[in-house]
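Below you'll find the structure, written out as structure tokens, and then a few comments.
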There are 2 protein chains.
Amino acid sequence: MNTLTRRQREFLQREQLFLDAARQILRSDGVAAFTIDRIAGNTEYAKGTVYKHFTCKEDILCALCHESLVHLGEAFSKALTFPGNSRERMMALGTAYLQFTTRFPEEFDILIAVRTNNVRQKASEKRVEAMIAADQGAHDVMRSVIGAAIAAGDLTLPTTTSLDEACFGLWAMAFGLLALAPANDVIDSLELPSIPIIMVNQMNLLLDGYGWRPLSTEFDYQQTFARLLKHMETLQ
Amino acid sequence: MNTLTRRQREFLQREQLFLDAARQILRSDGVAAFTIDRIAGNTEYAKGTVYKHFTCKEDILCALCHESLVHLGEAFSKALTFPGNSRERMMALGTAYLQFTTRFPEEFDILIAVRTNNVRQKASEKRVEAMIAADQGAHDVMRSVIGAAIAAGDLTLPTTTSLDEACFGLWAMAFGLLALAPANDVIDSLELPSIPIIMVNQMNLLLDGYGWRPLSTEFDYQQTFARLLKHMETLQ
DNA sequence: GTCAAAGCGTGACGATACGTCACATTTTGC
DNA sequence: GCAAAATGTGACGTATCGTCACGCTTTGAC
């Protein structure tokens, strides 16, 4: 039993069609080719119809971002099927994030772009809120992992640090690494290992800073990472 | 004795004039108002003249970004006039970065935008290279601080971690925090302290992870931070 | 089954901004 | 003092955004 009329369902389906087309264009031809006319053309609808769904270009960007965040949240949930101790499960989230950004760099570009004020101001309030909610969803998964670690006695946060703050800090570290990494490929003068290795190393250091047991000196997280990559493959 | 002719000097001066105008527009009216016509209008030159200096809009963005990075590098150098142990000096850099982004959020928006591929591809090679060089300059300051810490025996990097990687990791953490912070102001459901406090806490955790002596358990870095803010004010 | 009202799709149109170029003006060097 | 080179100009062509009045389709009342 569907409470929506056929027309309403068609409307939602078309919205999805537009978003799929937009994502397709973005993935194959990059941000430069991302125009409303192109979306309309590829879907064989008129430009005006696209604007029946979205207030402006940035609105579409936010909608895509929303979808991406939902996907990321799902990837997080899937990653948690990995069996292991609390810290290994946190690493599973990091690995999922890493895979997401390497697989869909254009989409990560949007996630970065949406951070700037310009986009957020232009997009409709509705979309921005949905986006924030999806962001929250992914955060919640991470929070649950941290919470479980505390409950299990693997982690004791400093009295000055809230769970939210720990979550935010970890997120920011991962985001920073993944956002800066591509640009630093260009800088030849830096002697850097590959992004995945940096990711594992830096996560290890930060989690050691938190005193999240077992510490990297007590446990082989490199091996965990290798197993994680395999585990992810079986999922995808 | 100047080796340049008057004309050449005038040319360089005008380029600076354009950049100053561009930055002014950006600061006062945001990215949306940032147009070539506006820059030309404000400087009382024709649009064509602007294009004698820059290949495209993104080229100007890169030039601005270059300047910003130079300023940031200078702010770093100034921050190092703060007397203290090696880890306090690293905190001085973090504080300088924090102040830079809070004082000029629009410019930090550019620094974020320039991370996306789109901008880098459109801008001229010359500008992108200059930008990377400036980036490198700021990195070098940070590297020197880490190097000094190692030399002083305050820090011993794991054998698997190069100095460059440590530098990159710290940079990424700071960048991530500062890039995500404004957006998270919106998320009311998160219980987060103010950005400066998060910054200090997270830096403490990461540096503790590195085992950078004295550890945050052995030393009052909150007090260092307060002194740093005062010290920065006197510099300005 | 019919028809009017409401809803929906359209693409031409106005506006804005980018980037170019042929021409006008100034400077340089002889 | 003049020709050639360098420099400044702004109108123009192109692209894209976002709008809107018009025509077509669906709906539901009779």
Side-chain angles (χ1 to χ4, degrees), chain A residues 2-19 21-22 25-26 29-64 110 113 118-127, chain B residues 2-19 21-22 25-26 29-64 110 113 118-127:
Chain A
N2 203 326
T3 58
L4 299 172
T5 66
R6 178 174 62 76
R7 283 209 140 189
Q8 287 173 312
R9 266 178 284 126
E10 281 175 357
F11 191 83
L12 287 176
Q13 270 170 28
R14 197 172 46 239
E15 182 149 320
Q16 195 55 53
L17 185 71
F18 287 149
L19 286 176
I25 293 167
L26 209 61
D29 296 338
V31 186
F34 186 81
T35 67
I36 309 284
D37 286 293
R38 182 83 186 273
I39 294 171
N42 282 17
T43 53
E44 296 190 304
Y45 278 95
K47 189 202 286 230
T49 310
V50 179
Y51 277 99
K52 282 281 197 293
H53 291 262
F54 307 97
T55 62
C56 64
K57 205 181 178 182
E58 283 74 16
D59 210 43
I60 303 180
L61 237 45
C62 278
L64 283 177
I110 311 180
N118 193 35
V119 175
R120 289 178 115 87
Q121 279 163 12
K122 285 189 187 166
S124 70
E125 217 168 299
K126 200 186 85 188
R127 300 274 176 202
Chain B
N2 203 325
T3 58
L4 299 171
T5 66
R6 177 173 62 77
R7 282 209 141 189
Q8 287 173 312
R9 267 178 283 126
E10 281 175 357
F11 191 84
L12 288 176
Q13 271 170 27
R14 196 171 47 239
E15 182 148 322
Q16 194 55 53
L17 185 71
F18 287 148
L19 287 176
I25 292 167
L26 209 61
D29 296 338
V31 186
F34 186 80
T35 67
I36 309 284
D37 285 294
R38 181 84 185 274
I39 295 170
N42 282 16
T43 54
E44 297 191 304
Y45 277 96
K47 187 203 285 226
T49 310
V50 179
Y51 277 99
K52 282 282 197 291
H53 291 262
F54 308 98
T55 62
C56 63
K57 203 181 177 182
E58 283 75 15
D59 210 44
I60 304 180
L61 237 45
C62 278
L64 283 178
I110 311 179
N118 193 36
V119 176
R120 289 176 115 89
Q121 278 162 11
K122 285 189 188 167
S124 70
E125 217 168 297
K126 201 186 85 185
R127 300 274 175 202

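In what follows, every chain begins at residue 1, and chains take the letters A, B, ... in the order their sequences are listed.
- Side-chain proximity of A:Ile36 to D:dC17, C:dC18, D:dG8: nearest is D:dC17.
- Closest approach of B:Lys52 to B:Phe11, counting heavy atoms only: O-CZ, 3.9 Å.
- Among all heavy-atom pairs drawn from A:Leu64 and A:Ala22, the shortest one is CD1-CB, 4.0 Å.
- Considering only the side chain of B:Tyr51, C:dC18 comes nearest among D:dT9, D:dT16, C:dC18.
- Atom CG of B:Asp59 is separated from atom P of C:dC18 by 14 Å (rounded to the nearest Å).
- Closest non-hydrogen pair, A:Phe54 versus A:Leu19, comes out as CZ-CD2, 3.8 Å.
- When the P atom of D:dT7 is taken as reference, atom CD of B:Gln13 falls 15 Å away, rounded to whole Å.
- The side chain of A:Glu58 lies closest to D:dG18, out of D:dG18, D:dT16, C:dT10.
- Computed from coordinates, the A:Lys52 NZ to D:dC22 P distance equals 15 Å when rounded to whole Å.
- One atom, CG of A:Leu12, and another, C1' of C:dC8, lie 15 Å apart when rounded to the nearest Å.
- Summarising the geometry, the separation between CD1 on B:Ile60 and C1' on C:dG19 is reported as 11 Å, rounded to the nearest angstrom.
- Nearer the 5' end of DNA chain D, as judged by each residue's closest nucleotide, is the contact made by A:Asp37, out of A:Gly48 and A:Asp37.
- Counting heavy atoms from C-beta on, the side chains of B:Thr43 and B:Thr49 never come closer than 4.5 Å.
- Between the OH atom of B:Tyr45 and the P atom of D:dT9 there is a distance of 7 Å, rounded to whole Å.
- Side-chain atoms of B:Lys47 lie closest to D:dA11 of the nucleotides C:dG11, D:dT9, D:dA11.
- At C:dC8, none of the side-chain N or O atoms of A:Arg14 fall inside 4.0 Å of OP1 or OP2 (strictly under the cut-off).
- For the pair A:Cys62 and A:Val119, the tightest heavy-atom approach, listed with the atom from each and the gap, is SG-CG1, 4.3 Å.
- In this structure, B:Phe11 reaches neither bases nor backbone, as no heavy-atom distance under 4.0 Å exists between it and the strands shown.
- With rounding to whole Å, A:Arg38 atom CZ is found 12 Å from D:dC17 atom P.
- Residue B:Lys57 places no side-chain atom within donor-acceptor reach of the base of C:dG19, judged by atom type and a 3.5 Å distance cut-off alone.
- Taking atom CD on B:Glu10 and atom P on C:dT26, their separation rounds to 14 Å, with Å as the unit.
- In the set C:dC18, D:dT9, D:dT16, C:dC18 carries the atom at the smallest distance from any side-chain atom of B:Thr35.
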